[in-house]
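What follows is a single structure, written as structure tokens, with notes after it.
Only heavy atoms go into these numbers, but all of them, side chains included; no hydrogens, no water, no symmetry mates. Labels below follow one simple rule: chain letters A, B, ... track the order of the sequence lines, proteins then strands, and each chain is numbered from 1.
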Amino acid sequence: MASSQTWLLKTEPDEFSIDDLSSSAPSVWDGVRNYKARNYLRDDVQLGDRVFIYHSSCRLIGIAGLALVTRSGYADPAQFDLSSPYYDAKSTIDRPRWYCIDLKLEQRFERVIPLALLKQQPQLADMLLLRQPRLSVQPVSAEHFRHIMAMNSPVALTQGHL
DNA sequence: GCCAACGTTGGC
DNA sequence: GCCAACGTTGGC
């Protein structure tokens, strides 16, 4: 794909939240242990792609902000770390099983866009998040991306465009 | 390669 | 805490 793609990454904020991302120093987005999500990280997420950060399994479920990919997929060091909960005995340096990326914060939304509100949007009815809620790394179409950014825009909100 | 059993996720 | 949906494991 030539132009940049957009994504949604899920996280439990008790483990890692948008507030753990910095706009200056990149953070490692590691610990993804699902094959479909792994394939996206390894093969498709590119430097410069933008990703929504989604908070799951918490009090305020929804999209918390936007981040920028500062390094594309590379072998997740945690899989080799015996002391890590993400250690995987079946991974080898030559054949790593799991991949991670680096991110930096682009924009923390003033208000989390709640899942319940996303579900109310007819334009988002076919969004993967609503259809495969367990996929922790997922592509977001340009149309969905624009719509969600508009939901975050105070201008759009005050003018009742949504 | 199938599929039952089991484990995990995640909204509610 | 519950439970449905989903993902993984392992025997055959």
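Between the CG atom of Leu60(A) and the P atom of dG11(B) there is a distance of 12 Å, rounded to whole Å. Spacing between atom CG of Leu135(A) and atom P of dC6(C) amounts to 12 Å, rounded to whole angstrom units. Separating the CD atom of Gln132(A) from the C1' atom of dT8(B) is a distance of 16 Å, rounded to the nearest angstrom. dC3(C) atom C1' lies 12 Å from atom CZ of Arg134(A), rounded to whole Å. The CZ-C1' distance, from Arg33(A) to dT9(B), rounds to 16 Å in whole Å. Atom CD in Gln138(A) sits roughly 14 Å away from atom C1' in dC6(C) (whole-Å rounding). Regarding Leu130(A), its CG atom lies at a distance of 12 Å from the C1' atom of dG11(B), rounded to whole Å. Nucleotide dT8(C) holds its P atom 10 Å from the CZ atom of Arg38(A), rounded to whole Å.
Contacts between residues 89-99 of chain A and DNA chain B, defined by a heavy-atom separation below 4.0 Å, involve no residue at all.
Leu8(A) and Leu68(A) fall into different hydrophobic clusters, where Ile, Leu, Val, Met, Phe, Trp and Tyr residues are linked whenever their side-chain heavy atoms come under 4.5 Å apart, directly or through other members.
Electrostatic pairing of Asp76(A) and Arg97(A) does not count as a salt bridge here, judged by no charged N lying under 4.0 Å from a carboxylate O.
Set against dT8(C), dG11(B), dA5(C), the side chain of Leu115(A) has dG11(B) as its closest nucleotide. Among the nucleotides dG11(B), dT8(C), dC6(C), the one closest to any side-chain atom of Tyr35(A) is dT8(C). Of the listed nucleotides (dT8(C), dG11(B), dT9(B)), dG11(B) has the atom at the smallest distance from the side chain of Ser56(A).
A centroid separation of 6.0 Å or more is found between the aromatic rings of Phe52(A) and Trp7(A). For an aromatic pair to be called close, the ring centres must be under 6.0 Å apart, and Tyr35(A) with Trp98(A) satisfies this.
With no hydrogens or angles considered, no side-chain donor-acceptor pair links Tyr99(A) and Asp43(A) at under 3.5 Å. Inspection of the Glu12(A) and His55(A) side chains reveals no N or O donor paired with an N or O acceptor under 3.5 Å.
Contact between the side-chain N/O atoms of Lys36(A) and the OP1/OP2 oxygens of dT8(C) is not found at any separation under 4.0 Å. Not one side-chain nitrogen or oxygen of Tyr54(A) sits closer than 4.0 Å to the OP1 or OP2 atom of dT9(B).
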Derivation of the side chain to side chain donor-acceptor pair (under 3.5 Å) call for Asp81(A) and Ser83(A): CA-CA 5 Å; Asp81(A) 179 358; Ser83(A) 67; 2.7 Å; yes
